[in-house]
Each structure stands twice: as structure tokens, then as C-alpha cells.
Protein chains: 2
Amino acid sequence: MDVDTRLLRYFTAVAEEGNLTRAAERLYVSQPALTKQIRRLEQLLGVQLFTRSRTGMALTEPGRALAERAPSVLSAWDRALSGTRAVASRSARVLRVGFVASAANEATQAIIAAFSELRPGWRVDLRQASWADPSAGLADGVVDAALLRLPFPGQAKLCVEPLFSEARWVALPSAHPLAAREVVDLADLRDEPFVAAPPETGAWRDFWLASDERQGRPVRIGAVTEHPDDWLTAIANGYGVALAPESAARFYSRPGVTYRPVRGLSPSGVGVAWSPADDTDPVIRDFVRCCLERAS
Amino acid sequence: MDVDTRLLRYFTAVAEEGNLTRAAERLYVSQPALTKQIRRLEQLLGVQLFTRSRTGMALTEPGRALAERAPSVLSAWDRALSGTRAVASRSARVLRVGFVASAANEATQAIIAAFSELRPGWRVDLRQASWADPSAGLADGVVDAALLRLPFPGQAKLCVEPLFSEARWVALPSAHPLAAREVVDLADLRDEPFVAAPPETGAWRDFWLASDERQGRPVRIGAVTEHPDDWLTAIANGYGVALAPESAARFYSRPGVTYRPVRGLSPSGVGVAWSPADDTDPVIRDFVRCCLERAS
DNA sequence: CGACGTCCATGCCCTCAGGTTATTGATGCG
DNA sequence: CGCATCAATAACCTGAGGGCATGGACGTCG
């Protein structure tokens, strides 16, 4: 008896939401399509998985049994997939490097260049991650190494080497009164609306909102963005201000956005991370070495 | 990224056979269909899994990586499937009982009747297994309990309670000279062709060929059968003789087939088996109790 | 009490995945 | 050289799986 992992994902979504309509939205399919799939799954197993009512879809006892076991299937497949891809990229002499926007900025290019010289046969695949994934794909096994802002959630499970740290500056709409000053005080920013990363990024988001350093004053969110482009646009349009590493002033300059140093703000660290499973891999070690050389 | 488990089964088959044509036969699909599926899988992963040549399909390094991981996905799904079905049948008050043909014979009905009386709300689903599966589906989680001939392969991993034992008789074509005797000597059977179970049944097959008791004299196979009907037909048609439990003489009588006791042959045991996971289940315990009561 | 909102199910349509048979190419072998 | 062996391709058919629009059951609220 065969299933598609898609069917299992559909099932878990409905099980979690308890509601076809919402699950369908979450899965980006239409509700009738989902209805059909769930019925098909039930028919496939010969087991009723849900009891339908106007209040939604409730798991039956066998449904709960499947809901408990489905994740193990999905995660087994995830492991198989990322494992296979990892081996494939290795045997094609490709190093997959993830980075979050504004992580290493201009250092990135120097690192890649140094690595290319050290390992002439190898190609580097650079993949920019959205801010929603602070591990830049490393946690999912999508990349072999990543250039990241420190600290980041899940850091404990990975090997990390800090590279350098930079002052946190502020990016302001050029028309903003504070843009006229050479240096801004953190205290002056406390009541400004901020352009922030999506809420699911947790500690990462908080760090760039200076949540720890605003003495309990709640932050006002002016806009939420996932990528540098939206971010710059939001600031230029006056939706709010945002903290950014000093190098962003050079790397992400744009008319309408002004960067200024901030007094009284701790710096931000940049590091390189890789999976403990690859810790002995000579190519990874070379890459890390390049990072350390070029960053100091 | 989603896959169908079918695709993974196809992949493993090709990986094992190293040959599309043979793998296609084994999977009961056409060779072009399999070609397409394998290419689709490669495309899906963005990874070349095989190198094609006149000698067949050889795994690449990433292919080997997937071949190592695919079984874990398939077995996770197998567990999820049989686990869910088990819970479903329990919550529908159905006890799934497997049996191999001629295991308990007439005792079976008495057992079921006793169980129905003890657990009036419950229904028993009887499932006859082919001789190719001596655990009658118990090993695969397809049934909750099974009535079996002992010993059987995989017995160590299950809970087993022996019920009774029976003499092994011989089933002969009625026209066979030995059918004229009241009792047959094992020695007289040694050079006869036998009707046997399929080779993959291993020890089971050997036991019913009396391999251990023919003093190294090789057995001659006259026919191979999987089900009682073929078996009786093969014997009646004179393709060979076969050992059978005494009760088969009553339970599987047919014109053209004569049963006779055999001197000098050890008896055959019958038992009930269930999964250790269900050992504390009161319903299973009741069923086992019924078996013990009715068999003694 | 009737209008509306919320959910799931149904009907109809379209596209493409996945299967079939027949055939073509490539390549080693007697 | 002709044959056997494998994989790939072509042409075709069926049905799975998606979308939209709508129906039906049932609370809820003005």
C-alpha cells in the first residue's frame, strides 16, 4: 500500500487545524481538493480518520494513531532527501553555502575567492536565506555551511566559529529628523516605529529590535519584511527605522535611507556554522579556515 | 518536496536488481514505465542516481546514499500503516485472526465460538494466509493473533502458546500402491516425489518434507503449491505425495486422495501466537484463553 | 424569525502523471 | 554478420488531483 508524503502532510495539517478550510489555506490548496484527498486517504486505509461536524474535523481514535506515526514517516523522508542531496553535492564538488542577508556582507566575496583558490576543483553555491530562517538552511541540511549573525536559534546543535563583530547602526528614512545628526542615541529610538523581521524569527527579531536594551519600553512595529529589498523600501517610505550592521551602510545604500551609528548599543557578531556530522570533512575545514583568515 | 512510497519501492528494486528490465518484472510494471519513473525521481531530486550502460543500471554515489536511506522511510510507513489499522480494528471491536490452512482445522471453529461467547460485542475477522507466510500476517501486523503450525520462522519475536500436537500422516493419490496399506512406513516414502510448499518458506517446507528424518536422502519435488486446493489437486493427479496433519484427513478429504498414518514420524505442533506489544491486552488474553480451553 | 456566516460535500471541468504496447538505438557476443 | 540484451522513445489511454462555483446543514445575531 503506497502513499504520497503530500497526503500525509495534508492529513497532519487537517489533524492539527481541526478544520478543513483553515488547513487548506495553510497548505495553499482549495478546500474541495483537500476534502477529496482526506477522503481518499481514509478510503486507502479503509479506516475512518475524522468525524465530521459543523464544528470541524475531529480525529477518531485510529486517526490519532496515524497522527502520532505520520511525523516519523515525514521526517525519515526529510532525512533521506537532505542526506542524498548532501552526498550529491559533495560528489559533484559543490559546496553549498547559505547566508542571511547582511551577514558577512563584503567579507563574503573575499571568503569565496579564498576558498576557490584553495580548492580549485570546487564550486560554491551561494544561497541567500530569508530572515525567517536564521540558520540559512543549515538546520534543514539544505546547505553545508552558512554565514550567520550570532547568536541564532538552534545554534547549540551546530558547530560555530565566530568571525568578527560589528557595531549596530540605525537605518533611517533620510527625511527623519534624527538623520540630521552624526550619531544617534539609543534612547532617541525607543519610541520610533521599527521595521521588523517576521514574528516567527523569535530571538533574531528581538535582537534587531534591541528588545533587551530598551528597558522594558514596548517596541512599536511599523512594518514587517522578509527580504532586504522590502526592508529598504519600507524604511525609505517612512514606515519606521531599523537597526542594521555597520557594513549595511556600505552594502545596502539606497536613496532615501540614511545610516547612522548608535551610541550605547552592543555590537552584533558574525560567524560561520556547519553541521557536526561534517566536522571532519576536509573541504568544510578548508572553508572554515578561509572564513577565519579573511574575516580577521 | 514530496514522494510517493511507490517511487521509493521502484527505486530500491532497480538499485537491487541493477537492471531495469528485471526490476520491472519484479514490480509487475512495464519496463518503459519504470524508466520514466526513475528519470522522474532523478529529476525530482535534481540528482543523478544511476549510471546507465549496456550492462544495466549502476548506482552513483548519491544513488547509494538514497538506497541506504529509503528503507527507513518505507519501514516507517509500514509501521504507521499497520499501527493505524490495528488501532482501527480494535476500536471497531474486531479481532483479526490469521491462520495457515490446516493449522487448527476443526478446533478453529470451536475457538471462535468460545470467543464470541466471552466477548459478545466483538467480531472475529478470519484471514487465511498462504503457506508462503507461516506467521499468517502476524509479523506484518496484518492480524492481531494467529493459529499456526509450530515451529515457524520468526517465532522468537512473538508470544506463542502451544495448543496441541498431531501425528503427521501422508496424503497419497488413491491409486498409489501404498494407499492399499493401513499404515505406511516413513522409509517407503523416501523415494517418492513430494508435493511441496514454495521454496521461500524455508524450514516450514522442510518440516513437511521430513527433511530431517530422511537420513540425508535428497527429496524429489513433484509439484509446488501455495494453497490447499492446488495441493489436493496435485496429489489427486499423481504429481506426488505429501505429509499432512492427521486432521487434514477429515478436513480436507477429496476423491482421489487417501490419507494414511506414517510410522516413525514425529508429530506436528499447533499453537496460537500474538504480538508482544499486545501481551497485556485483555481481548487478546481472552482469545488465547479460548484457544487453550478448546484445544485441550 | 429570517438573514447571514461557517463548514464540509458535490458537480463539472481541465491538465498531466503514470500506465500500456510497439519500436528504435546502442552494444556486446557467438 | 546476425542475434540477444538493455535502455530510451513514441503514441495513446485512463484517472488522479487540482480549480471554481454551488449546495446543504446548522448556529448566531440583528
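Below, read A as the first sequence line, B as the second, and so on, with proteins coming before strands; counting in each chain starts at 1.
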Rounded to whole angstrom units, what separation is found between the CG atom of L7(B) and the P atom of dA17(C)?
13 Å
Where each residue is assigned the nucleotide of DNA chain D containing its nearest heavy atom, which of K36(B) and R22(B) is assigned the position nearer the 5′ end?
R22(B)
Check the distance between dC16(C)'s C1' and Q43(B)'s CD and give it to me in whole angstrom.
14 Å
Rounded to whole angstrom units, what separation is found between the CD atom of E17(B) and the C1' atom of dT5(D)?
15 Å
Flag the pair F194(A) / Y239(A) as yes when their ring centroid distance falls below 6.0 Å, and as no otherwise.
no
Answer with base, sugar-phosphate or nothing: what part of the nucleic acid does T21(A) contact at a heavy-atom distance below 4.0 Å?
sugar-phosphate
All heavy atoms of S89(B) vs all of R96(B), minimum pair found to be OG-NE, 3.3 Å
Contacts of T55(A) and L34(B) projected onto DNA chain C by closest heavy atom; the upstream (5') one is T55(A)
In whole Å, I'd like the distance from the CG atom of L27(B) to the P atom of dG18(C).
15 Å
Identify whether any heavy atom of A33(B) sits under 4.0 Å from a base atom; if not, whether one sits that close to sugar-phosphate; answer base, sugar-phosphate or nothing.
base
Run the salt-bridge test on R119(B) and D286(B) with the 4.0 Å N-O cut-off and return the result as yes or no.
yes
Please report, rounded to the nearest Å, how far the C1' atom of dC8(C) is from the CD atom of E42(A).
12 Å
Among the nucleotides dA9(C), dG18(D), dT21(C), which one has an atom lying closest to any side-chain atom of Q31(A)?
dA9(C)
Please report the distance, rounded to the nearest Å, between CG in L20(B) and C1' in dA26(C).
15 Å
Winner on side-chain proximity to T35(B), out of dA7(D), dC7(C), dG18(D), is dA7(D)
Against the side chain of R40(A), the closest entry in dA8(D), dC8(C), dG17(D) is dG17(D)
Could you tell me how far apart D2(A) (CG) and dA17(C) (P) are, to the nearest whole angstrom?
18 Å
With a 4.0 Å cut-off, would you call R52(A) and E42(A) a salt bridge?
yes
Would you call E192(A) and R220(A) a salt bridge, taking side-chain N to carboxylate O under 4.0 Å as the test?
no
Does dA17(C) have OP1 or OP2 under 4.0 Å away from a side-chain N or O of R6(A)?
no
Under 4.0 Å, heavy atoms only, any strand: does Y10(B) hit a base, just the sugar-phosphate, or nothing?
sugar-phosphate
Counting side-chain heavy atoms from CB outward, which of dG17(D), dA7(D), dC8(C) is closest to N19(B)?
dA7(D)
Hey, is the side chain of R52(A) poking within less than 4.0 Å of OP1 or OP2 on dA9(C), counting only N and O atoms?
yes
Across the strands shown, which category fits Q37(A) at heavy-atom distances under 4.0 angstrom: base, sugar-phosphate, nothing?
sugar-phosphate
Rounded to whole angstrom units, what separation is found between the CZ atom of F50(A) and the P atom of dA9(C)?
11 Å
The nucleotide from dG19(C), dT10(C), dA7(D) with an atom nearest the side chain of R39(A) is dT10(C)
Are D144(A) and R90(A) within salt-bridge range, i.e. N to O under 4.0 Å?
yes
Go through dG19(C), dA7(D), dT21(C) for me and flag the one nearest to the S30(B) side chain.
dT21(C)
